[in-house]
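Source: prediction; values computed, not measured. These values consider heavy atoms only, across backbone and side chains, with no hydrogens, waters or symmetry-generated copies. Numbering of residues begins at 1 and proceeds along the displayed sequence.
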Amino acid sequence: MTYFIWAIIVIVTLSMIGLVYRLVKGPSVPDRVIALDSIGVSIISLVGLFSIFIKTSFYLDIILLLAILSFIGTVAFSKFIEKGEIIERDNSR
């Protein structure tokens with residue numbers, strides 16, 4: 001079981017290297033946003049695998065926090081790509 005977890009950790013780490021390449025070299029901004037979101041999911045999975053490896057549930061709170069931050073970041077980037085600004089200010093008041 002330990003070798004299996006280590007093999008998955010290596011595979012996820014190698015996929016993160018590919019995602020970092022896509023983040024830096026991506027042909028368009030939406031590709032970079034998707035790569036950044038995928039890196040967040042990969043980090044969440046690595047923390048989950050580490051939690052399984054050391055047999056504790058302490059890291060589940062960290063996984064939840066990372067998921068929330070990843071979601072907020074993806075929504076903010078998507079809104080910025082769509083409208084050009086994240087927070088709309090009403091200057092008519």
Side-chain angles (χ1 to χ4, degrees):
M1 182 72 165
T2 304
Y3 295 117
F4 182 69
I5 292 175
W6 279 110
I8 295 173
I9 288 172
V10 168
I11 291 170
V12 171
T13 304
L14 290 175
S15 70
M16 283 181 65
I17 291 170
L19 289 168
V20 168
Y21 174 77
R22 182 53 53 198
L23 181 66
V24 172
K25 199 90 166 151
S28 65
V29 176
D31 290 330
R32 291 179 174 153
V33 170
I34 291 171
L36 189 63
D37 188 44
S38 299
I39 288 172
V41 171
S42 298
I43 290 172
I44 290 168
S45 66
L46 283 176
V47 173
L49 287 168
F50 184 69
S51 177
I52 292 170
F53 181 71
I54 62 172
K55 297 177 181 146
T56 184
S57 63
F58 174 72
Y59 294 104
L60 296 179
D61 295 334
I62 295 171
I63 291 172
L64 183 62
L65 179 67
L66 287 172
I68 291 170
L69 289 175
S70 177
F71 174 74
I72 291 172
T74 303
V75 169
F77 275 128
S78 299
K79 189 171 180 183
F80 179 74
I81 290 171
E82 181 182 347
K83 296 184 178 180
E85 60 183 337
I86 297 172
I87 299 173
E88 298 175 5
R89 300 185 191 275
D90 187 17
N91 292 331
S92 65
R93 291 184 188 180

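- In this structure, L66 is a member of the same hydrophobic cluster as L36, with clusters built from ILVMFWY side-chain heavy atoms closer than 4.5 Å.
- Taken from CZ in F53 to CZ in F4, the straight-line distance is 14.0 Å, to the nearest 0.5 Å.
- In the hydrophobic clustering of this structure, I44 groups with L60; members are Ile, Leu, Val, Met, Phe, Trp, Tyr whose side-chain heavy atoms approach within less than 4.5 Å, directly or through other members.
- Contact between L19 and A35 at its shortest, heavy atoms only, is O-CB, 3.8 Å.
- One N or O on the side chain of S45 and one on the backbone of S42 form a donor-acceptor pair closer than 3.5 Å.
- When all heavy atoms of S70 and D37 are compared, the closest pair comes out as OG-OD1, 3.2 Å.
- Annotation: the span from I43 atom CD1 to I63 atom CD1 amounts to 12.0 Å, rounded to 0.5 Å.
- The hydrophobic clustering, which links ILVMFWY residues whose side-chain heavy atoms are closer than 4.5 Å, places F58 and I52 together.
- Here the CD1-OH distance, from I8 to Y3, works out to 15.5 Å after rounding to the nearest 0.5 Å.
- F50 and I62 fall within the same hydrophobic cluster, where Ile, Leu, Val, Met, Phe, Trp and Tyr residues are linked whenever their side-chain heavy atoms come under 4.5 Å apart, directly or through other members.
- L69 contributes atom CG, which lies 4.5 Å from atom CG of L65 (distance to the nearest 0.5 angstrom).
- Side-chain contact between I54 and Y59 is present, with at least one heavy-atom pair separated by less than 4.5 Å.
- Scanning both residues, K25 and R32, for their nearest heavy atoms gives C-NH2, 4.1 Å.
- A chain of hydrophobic side-chain contacts below 4.5 Å, direct or via other Ile, Leu, Val, Met, Phe, Trp or Tyr residues, connects V29 to V20.
- A distance of 14.0 Å separates CE in M1 from CH2 in W6, rounded to the nearest 0.5 Å.
- You'll find the side chain of M16 reaches within 4.5 Å of the side chain of L46, heavy atoms only.
- The closest donor-acceptor contact from the side chain of S78 to the backbone of T74 lies under 3.5 Å.
- No side-chain heavy atom of I11 sits less than 4.5 Å from a side-chain heavy atom of L14.
- Taking CG from L49 and CD1 from I9, the interatomic distance works out to 5.5 Å, rounded to the nearest 0.5 Å.
- For S51 (side chain) and V47 (main-chain N/O), no donor-acceptor pair under 3.5 Å exists by modelled atom type.
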